[in-house]
Amino acid sequence: MNGQSPVPVASDAITPLQQMVASCSGAILTSLFVTPLDVVKIRLQAQKTPFPKGKCFVYCNGLMDHICVCQNGNSGAWYKAKGHFNGTMDAFIKIVRNEGIKSLWSGLPPTLVMAVPATVIYFTCYDQLCAALRVRMINHTQEAPALAGALARVGAASVISPLELIRTKLQSQKLSYKELKHCIHVAVEADGWTSLWRGLGPTLLRDVPFSAMYWYNYERGKRWLCERYHSREPTFAIAFTSGAVSGSISAIITLPFDVVKTRRQVELGEIQSLNLSRQPTSTFQLMRKIVAQNGIRGLFAGFLPRLIKVAPACAIMISSYETGKAFFHKHNQERILRPLQTSNT
């Protein structure tokens with residue numbers, strides 16, 4: 001092997017628009033499959049520790065995190081727990097029986113609003129960058145996915161970060177768009193334009209290494225499985241398996257930064273909802289604080305829930321994306337061959 005993937009579904013075989021459509025469909029499918037897991041998790045959390053007014057929690061569907069601020073306690077929120085749940089399966093059954101199956105996708109709208117554009121930017125940038133880097137990094141093509149993944153994540157996170165801040169403000173207070181505009185104007189005047197990217201640091205510290213490791217391991221795993229099963233193209237099963245394994249590895253290694261990011265998001269949301277003064281704390285200061293309070297284990301809190309969500313989310317997303325790219329690749333080839341076949345006849 002020369003270090004390049006044997007898969008002929010290269011990024012230059014389909015247009016950027018087709019890549020966007022493929023990634024968009026993957027994001028929608030991932031949200032549809034993984035959102036019920038987090039809805040059930042939040043219902044169980046609300047039952048054990050009811051959320052008081054102004055309390056924040058992080059809602060995550062495996063693709064993106066969302067800050068949710070409770071306005072009126074459990075009584076006025078979509079995550080209200082009706083009845084008593086004895087476990088995950090019991091929660092699934094009772095939610096469907098008492099509230100209908102649609103309740104399992106209660107948090108889907110905010111997920112799609114933020115996750116779809118972020119995923120489209122991320123995956124499209126990755127494919128374009130990876131193709132360009134492989135041409136230039138002739139002797140280091142195996143490292144191209146890691147660098148492309150890191151750069152794509154920086155770009156996507158930087159673009160979405162101000163939108164995340166705006167959405168958090170809208171959730172924490174009932175603001176009109178005019179009031180929101182004034183609120184942002186005041187924040188920019190006080191702290192400058194960089195205030196719109198508050199919290200981006202821990203996000204990048206978690207997501208950039210995650211993306212680099214994920215794409216590097218995914219491309220290598222996909223290539224190895226294609227060779228093992230003598231497949232020129234990655235089947236759905238190959239892409240699914242490679243995505244799940246690489247996502248799990250990346251999730252475990254970057255978990256401490258995920259804990260810090262979650263803590264920062266929740267604290268920021270509570271500050272905004274309760275109008276508290278913010279005490280600036282760097283990422284590593286916060287990590288030291290967590291270690292002092294809970295020990296090293298505190299940096300790996302939520303290990304199992306994160307793994308359970310990230311692994312299937314990565315698997316579904318990448319396998320759907322690969323399937324979409326393969327479809328457009330075949331469609332483009334047929335469009336090229338059709339006029340040739342007509343002229344020959």
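Here the structure is a predicted model, which means the values were calculated and not measured. Quick note: residue numbers are just sequence positions, from 1.
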Can L32 be reached from V120 by stepping across I, L, V, M, F, W or Y side chains whose heavy atoms are under 4.5 Å apart? yes

Can you tell me how far apart CD1 (I253) and OG (S248) are? Round to the nearest 0.5 Å. 11.0 Å

Could you report the tightest heavy-atom contact between G221 and S242, atom names first, then the distance? C-OG, 3.6 Å

Side-chain heavy atoms nearer than 4.5 Å, only ILVMFWY residues, links allowed to pass through others: does that put L29 and V116 together? yes

Show the nearest heavy-atom pair for residues S211 and A150, with the distance to one decimal. CB-N, 4.4 Å

Verify the neighbour count for atom OH of Y229: are there more than 12 heavy atoms of other residues, nucleotides or ligands below 6.0 Å? no

Report the relative orientation of the aromatic rings in Y218 and W215; use parallel for angles under 30°, tilted for 30 to 60°, perpendicular for over 60°. perpendicular

For atom CD1 of I101, is the number of surrounding heavy atoms from other residues, nucleotides or ligands below 6.0 Å larger than 12? no

Is there a continuous path of hydrophobic side-chain contacts, each under 4.5 Å between heavy atoms, that joins F236 to W224? no

Rounded to the nearest 0.5 angstrom, the NZ-NE2 distance for K325 and H329 is 10.5 Å

Nearest-0.5 Å distance that lies between atom OG1 in T124 and atom CG in L129: 10.5 Å

Got a donor-acceptor contact below 3.5 angstrom from the T141 side chain to the I138 backbone? no

Intermediate values then yes/no, side-chain contact (heavy atoms from CB on, under 4.5 Å), V310 and Y214: CA-CA 11 Å; V310 170; Y214 171 78; over 6 Å; no

Cluster overlap F92 with W105, hydrophobic side-chain contacts below 4.5 Å: yes

Looking only at heavy atoms, what is the nearest atom pair of S250 and T254, with distance? O-OG1, 2.7 Å

Under a 4.5 Å cut-off applied to non-hydrogen side-chain atoms, are L151 and Y126 in contact? no

Do I28 and M20 share a hydrophobic cluster, counting only Ile, Leu, Val, Met, Phe, Trp and Tyr and linking them when any side-chain heavy atoms are less than 4.5 Å apart? yes

CD/Q142 to CZ/R134 distance, rounded to the nearest 0.5 angstrom? 9.5 Å

Would you say that more than 12 heavy atoms from the other residues, nucleotides or ligands in this model lie under 6.0 Å from the CZ of F328, or not? yes

Donor-acceptor side-chain pairing of D207 and Y122 below 3.5 angstrom: no

Should the heavy atoms of other residues, nucleotides or ligands under 6.0 Å from CZ of F327 be counted, would the total exceed 12? no

Rounded distance [0.5 Å steps], OG1 in T15 versus CG in N332: 6.5 Å

Interatomic distance, CD@E322 vs CE@M317, rounded to 0.5 Å, equals 10.0 Å

Hey, is the main chain of I238 close enough, under 3.5 Å, to the side chain of T241 for a donor-acceptor pair? no

For I95 and L104, run side-chain contact (heavy atoms from CB on, under 4.5 Å): C-alpha distance rounded to whole Å, both residues' side-chain angles, the deciding distance at 0.1 Å, then the answer. CA-CA 7 Å; I95 290 172; L104 293 175; 3.9 Å; yes

Can you see which heavy atom on T30 is nearest to which on I316, and at what distance? OG1-CG2, 3.8 Å

Nearest heavy atoms of Q19 and I14, plus distance in Å: CG-CD1, 3.4 Å

Might you work through the side-chain contact (heavy atoms from CB on, under 4.5 Å) test for F210 and C314, ending with a clear yes or no? CA-CA 12 Å; F210 179 97; C314 288; 4.0 Å; yes

Heavy-atom closest pair (S319 atom, A239 atom, distance to 0.1 Å) is CA-CB, 3.8 Å

Do I318 and K222 have side-chain heavy atoms sitting under 4.5 Å apart? no

Counting distance only, does the side-chain N/O of S25 pair as donor-acceptor with the main-chain N or O of A22 below 3.5 Å? yes

